[in-house]
Structure formats: C-alpha cells, structure tokens
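I have placed the structure first, in the form of structure tokens, so that the comments after it can refer back to it.
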Amino acid sequence: MSDKPKENKNVTNERKSLNFIHTIVEQDLREGKNSSRIHTRFPPEPNGYLHIGHAKAIQIDFGTAEKYGGKCNLRFDDTNPVKEEVEYIDSIKADIHWLGYDWEEREFYASDYFGRLYDFALDLIKNGLAYVDDQPSEIIAVQKGTPSVPGTVSPYRNRSAGENLDLFQRMNAGEFPEGSRVLRAKIDMASPNMHMRDPVIYRIINHPHHRTGNTWKVYPMYDFAHGQCDYFEGITHSLCTLEFEVHRPLYDWFIDQLMTDEYRPRQIEFNRLNLTYTVMSKRKLLQMVRNGVVKGWDDPRMPTLCGLKRRGYTPDSIKKFINSIGYTKFEALNDFSLLEFAVREDLNKKAPRVMAVLDPLKVVITNYPEGRTEQLETINNPEDPSMGSRNIPFSREVYIERSDFMEDPPKKFFRLGPGTEVRLKSAYIIKCEDYLKDKNGNIIELHCTYDENSRSGADTSGKKVKGTLHWVSVLHAVRSEIRLYDRLFMDPELDGHKERDFMEFINPDSLKVIEGFVEPGLAEAKPFDHYQFQRTGYFNLDPDSSREKLVFNRTVPLRDTWSKKK
RNA sequence: UGACCCGUAGUGUAAUUGGCAACACGUCUGAUUUUGGUUCAGAAGAGUCCAGGUUCGAGCCCUGGCGGGUCAACCA
C-alpha cells in the first residue's frame with residue numbers, strides 16, 4: 001500500500017478533449033448560468049424525411065442533454081402550413097427512436113405557441129417595435145438593399161401603434177388577401193446584417209394548418225418562432241447549423257424583448273454533415289425520389305435514416321461515425337470511407353457469419369459418396385464466442401464463388417487452380433483434379449477430390465493449405481435475390497460543380513441485382529437481420545423478402561486487400 | 001466592393017495558462033489467421049494558408065493580406 005497521491009478521476013476526465021459546444025456548456029455550468037440547467041431541443045420541420053445530417057443534430061441535441069444530466073425536447077417546427085404535413089411526423093419520431101433517443105412526454109410543436117407568439121407580436125406593436133407593411137414582397141425585397149448597400153425605409157414604417165394593432169388583428173381575422181400585408185419588426189434598415197433590416201415576422205396564409213386548422217390567418221416566420229419557442233420551453237442551449245449564424249443577432253434581439261429575469265437561451269452553431277459522393281439537401285433527395293432514380297425515401301442507397309436502416313447500417317455505427325467526425329465550425333467534406341469503417345467495425349462484432357455464394361460455380365467432389373449428407377459444425381462469430389455455433393449441411397456437390405477458381409492463376413493466388421488444394425471452410429480440404437468448359441470457353445464445373453482425414457476439427461491429414469473458401473451445398477442451397485449497391489454518384493464533391501446539375505453525376509450502376517445461393521438456415525432470417533456473408537461482405541434481409549424469396553441487401557463489402565494488389 | 005464565420009498530413013478531428021504538432025480513417029509493409037475479414041506490429045505522409053509583429057518561445061496572441069463559406073424567401 002502506498003500513500004502516494006493517486007490520480008484524481010475527475011482530473012483524468014477533464015483531460016479528454018471536448019468539442020467546442022461542450023466546452024461552452026461546461027463553461028456555462030461552471031458559471032452557474034440558467035441555474036446550471038441544461039436543456040436542448042431537436043426542431044425538425046415536418047416536411048420530409050430525416051437524413052444522416054439530421055442524425056448529427058439529433059446526436060448533439062439529445063447527446064448533450066444526456067451527457068450533462070439535462071433534457072432534450074422534440075419540437076416540430078410547423079410554422080408554414082403550406083409546406084408541412086402530418087405524414088412526416090410519424091416517420092421523424094420513428095427515426096429518432098431508432099437512433100435510440102427519447103423525448104419522453106416533451107413532444108412539442110411551434111404551433112403550440114401560436115397564441116403566445118401572437119400576443120408577443122401585439123406587445124412589440126404596442127412598444128413601437130413592429131409595424132404592418134402594405135407593400136408587396138417585391139418592393140420590400142428591393143428596399144432591403146443588398147449585403148453591401150443599406151436598405152431604405154418603408155413608407156409604412158411610422159404608422160401609429162393603434163393603426164398597426166388594428167391592421168394586424170384584421171390580418172388575422174382574414175380581412176386581407178394573402179400577400180397584401182405583413183408584420184415587420186422595426187429594427188434597422190441600415191444594418192450590415194440583412195436579417196436586422198426590419199425582418200418580416202408575420203405573413204397571411206390561407207391554408208389550413210395540420211394542427212390548428214383554420215384558427216389562424218397569420219403565421220409567424222421562422223425567426224419569430226424559433227428563439228421564442230426556445231424561451232417558452234426554457235431551452236438553455238439552442239444548437240443549430242452554421243447557416244443560422246447570421247440569424248443570431250435577431251434571435252438575441254427577440255430574446256432581449258422577452259426576458260424578464262436572468263434566464264436566456266443561447267444559440268450555438270456547428271458545421272453540417274457533408275459526405276463525399278452524397279447529396280444531402282431535402283430538395284435534391286426529393287428530386288431523386290420523384291424522378292425514380294431511387295425507389296423511395298427508404299431506398300438503401302439514400303442517405304436518409306430509413307434508407308440507411310434498410311441498407312443495414314446500425315444506429316451504433318451511425319453514432320460512432322458522427323462522433324468520429326466531430327462538431328466544429330469548419331465546413332468539412334467527410335470521406336465516405338469513414339462511414340463504411342464505422343459499420344464494418346460495428347457489424348464485425350455483431351453479425352453472425354454465414355455461407356453465401358454470390359456468383360456460383362459448381363464443384364463435384366468425385367470421391368465423396370453419392371447421396372450422403374453430413375452436418376458440419378461451424379462457429380457463428382469468431383469475434384464473440386457467446387454467439388455459439390450451428391450445423392451446416394455438406395454433400396457431394398457444392399457451389400463456390402466463381403472468382404475462387406482460375407484456370408491460370410498468378411503466383412500468389414491462394415484459391416483453386418488446376419491441381420491445387422484449398423480448404424472448404426468448416427469442412428474438408430479439396431484438390432482440383434479437372435474442370436469443364438462450355439462451347440464458349442466458360443468454366444462450368446470443377447471436379448475435385450476431398451481428403452476424408454481433413455475434416456475441420458478432426459484434421460489428421462497433416463496438410464496445410466493457404467486458402468479457405470466459403471461454399472454451400474447444392475442440395476441444400478437456398479436461391480436468393482441479392483442486391484449489390486454502389487455509391488449513387490460518381491463524383492466525390494458534388495457541390496464543387498456550380499454550373500452543372502447534380503443529376504449528371506448519377507452512377508448508372510448503383511444497383512446490381514443478382515441471384516445467389518445461401519445456406520438453408522437463412523430461410524429463418526427476419527427483415528433487417530444482419531449477417532456477414534463470409535469473405536464477401538455484410539448483408540441484411542430486405543423487407544421485400546417473402547417466404548418464397550429471400551432478398552438480401554449488401555450493406556458494405558468486406559475490406560479486401562487482395563483485389564487492391566492486382 | 002459590406003457584415004459575419006472558417007483555414008492544422010489525402011480526409012476529418014486534437015494540441016492544458018503560448019512549451020518537442022497528436023489521434024482516427026485512408027495508403028503502404030510485415031506477423032498471425034480454417035474469412036486475402038478480424039487482430040497485432042510497423043512505415044510513409046503536415047511544420048499548422050501567406051507576410052509581418054509581440055515573446056526566451058506562437059498552430060494558439062496582434063496587424064495586414066490570400067483562400068473558402070454564409071447572408072439580399074411573405075422557406076426553415
């Protein structure tokens with residue numbers, strides 16, 4: 001026993017580097033801001049499906065709350081009834097749950113606060129901080145100026161509070177047509193920040209809202225809703241992406257008008273997720289769905305969460321990937337291989353190994369008794385002994401991968417060639433004695449002999465072979481559809497081509513459908529079950545599968561150092 | 001031409017109060033292996049956008065450039 005001072009665990013923890021957001025959060029915690037509460041929110045607009053970029057936001061929102069013992073609200077940002085629909089709400093909730101996060105009873109909507117927002121607008125008017133503008137949007141746009149030229153003042157800017165109040169209330173009563181009038185905050189038409197040049201905060205929309213029906217004729221703009229909702233909910237840290245950076249002064253301006261005590265929410269912006277060979281904007285994803293480039297939002301080639309799920313990505317792999325790329329203020333372009341690394345790493349631990357032959361070549365083991373079938377034991381996952389083992393049937397004829405035989409193999413080819421020996425995984429060592437070709441010179445069948453003393457686990461042959469092949473018994477094989485996916489686009493940096501449409505870069509071979517053979521046990525697979533098809537890649541069962549036909553998706557191929565050498 | 005943000009190996013992130021530029025992916029070796037997977041060992045690759053300044057000492061601070069991004073929806 002030594003009484004030498006041991007390292008303090010907390011100090012060790014502090015040594016870990018934090019991302020800049022958590023650095024700020026910890027600073028705020030130390031300073032006792034907002035009574036040392038941490039409360040975040042994830043604010044999706046219900047107008048589309050969530051993609052992996054949203055997962056990055058979800059992870060910092062829910063993850064920060066989790067890490068610091070706070071809460072995270074789910075708040076649908078539904079301020080525009082024309083663009084938003086109920087149907088998206090359920091899919092968004094399902095995707096967040098799939099990732100493993102929960103908002104408990106705190107499911108909110110910006111529309112929950114329409115009344116308070118309206119009252120706040122009334123207050124601004126009374127305080128001379130908002131006015132009704134009768135000009136059409138084109139004129140208002142012109143008066144806004146440009147980033148380098150200050151704006152000019154609206155002729156309606158100095159209406160009396162009484163007149164503004166009257167007009168705004170009548171706007172909401174439906175007395176005026178859409179587009180005829182807006183409510184603007186009275187801030188500074190000469191501000192270098194365009195968002196401060198008397199931003200529009202309310203517009204007239206004659207469209208039923210999915211939650212409030214026809215109660216309202218005026219709807220708040222994003223800038224007039226978001227920060228205020230944060231305030232109403234007691235949010236402490238409002239995390240969003242970089243493009244909202246210029247909105248922050250406006251966010252703060254409204255909070256300034258709202259504050260009654262020490263509490264105030266703070267907006268912090270981080271970089272959005274960009275991936276090579278991938279488009280992320282809702283608009284472009286929608287275009288691909290509409291044009292039939294993909295089969296739907298959950299097409300396994302899509303970067304949507306439902307697409308990634310169907311492709312075979314796990315929530316853990318996505319979280320791991322997001323953690324590895326971090327949160328900064330630098331607009332980065334992340335290499336797709338990082339995402340692939342993350343799934344492989346996760347699935348390597350979780351996915352049972354199975355036999356599946358994608359491009360079959362028949363092998364007849366000429367000295368194996370006809371009509372005989374053996375059950376051979378094989379391990380389910382060498383990375384995890386607790387996953388146990390199972391039996392697979394072996395017989396006189398098996399399929400192997402066509403690429404595992406070469407008539408004239410190069411020197412370091414460890415597979416089958418005329419006269420060479422190889423082990424069939426979990427079975428016997430076989431030797432290629434002969435091969436048959438069709439008229440066109442294609443190899444159609446191999447004749448091999450096996451060494452009956454070489455059975456796996458009971459090998460007394462003393463032979464050593466370099467190669468081990470996967471196989472499946474012809475008699476017992478289950479024919480399956482296998483969908484091989486490749487990247488959707490052929491260019492790594494799609495946004496780098498300003499003058500060209502992203503659709504020009506679509507990869508015509510992003511989906512290849514083949515028929516292969518899998519071991520019989522796979523008939524029991526359930527949709528979304530993950531497997532490693534030994535030596536070829538990670539696959540999962542697609543929900544298109546039926547009792548009659550199994551359909552597998554290739555999540556990602558195994559790392560392959562051999563093919564690279566060639 | 002305006003305001004704001006950002007510039008660290010090929011990619012993405014680190015680097016205590018200024019103190020030998022580190023990690024992951026990728027790439028390349030080699031070992032092990034009944035998956036050419038996994039695992040293990042190792043290598044190459046930046047001198048931190050540029051130029052000044054402060055300092056004993058700067059990736060960190062200051063000034064000026066250069067480069068990239070964002071902002072001119074009654075979208076979010």
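Below, read A as the first sequence line, B as the second, and so on, with proteins coming before strands; counting in each chain starts at 1.
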Is [X] near enough to [N] that one of its side-chain N or O atoms lies under 4.0 angstrom from OP1 or OP2?
| X | N | result |
| --- | --- | --- |
| Arg203(A) | A76(B) | yes |
| Thr79(A) | C75(B) | no |
| Arg535(A) | G36(B) | yes |
| Arg559(A) | U38(B) | yes |
| Thr561(A) | G37(B) | yes |
| Asn271(A) | U13(B) | yes |

On a whole-Å scale, what distance lies between the [atom1] atoms belonging to [N] and [M]?
| N | M | atom1 | answer |
| --- | --- | --- | --- |
| A46(B) | G30(B) | P | 23 Å |
| G52(B) | U29(B) | P | 42 Å |
| A9(B) | A21(B) | C1' | 11 Å |
| U8(B) | U33(B) | P | 43 Å |
| G64(B) | G19(B) | P | 25 Å |
| G53(B) | U70(B) | P | 35 Å |
| C6(B) | U13(B) | P | 13 Å |

Glu345(A) side chain vs Phe341(A) backbone, donor-acceptor pair below 3.5 Å: no
Flag, side chain of Asn380(A) to backbone of Pro352(A), donor-acceptor distance under 3.5 Å: no
Over all strands shown, is [X] touching base, sugar-phosphate only, or nothing at heavy-atom distances under 4.0 angstrom?
| X | result |
| --- | --- |
| Lys466(A) | nothing |
| Val200(A) | sugar-phosphate |
| Glu269(A) | nothing |
| Ser337(A) | sugar-phosphate |
| Leu333(A) | sugar-phosphate |
| Pro136(A) | base |

[X] has a side chain; which of [options] sits nearest to it?
| X | options | answer |
| --- | --- | --- |
| Met221(A) | A14(B), C74(B), G36(B) | C74(B) |
| Lys329(A) | C74(B), C5(B), U35(B) | C5(B) |
| Leu558(A) | U35(B), A14(B), A76(B) | U35(B) |
| Glu45(A) | G36(B), A76(B), A72(B) | A76(B) |

Mate of U17(B) where both pairing distances stay under 3.5 Å, Watson-Crick or G-U: none
Over 12 foreign heavy atoms within 6.0 Å of NZ, Lys329(A): yes
Rounded interatomic separation in angstrom, taking CD from Glu85(A) and P from A76(B): 15 Å
For the student: nearest non-hydrogen atoms of Pro43(A) and Asp77(A), plus distance: O-CB, 3.9 Å
Sub-6.0 Å ring centroid separation between Phe244(A) and Tyr222(A): yes
Exercise: do Tyr113(A) and Glu233(A) side chains pair donor with acceptor under 3.5 Å: yes
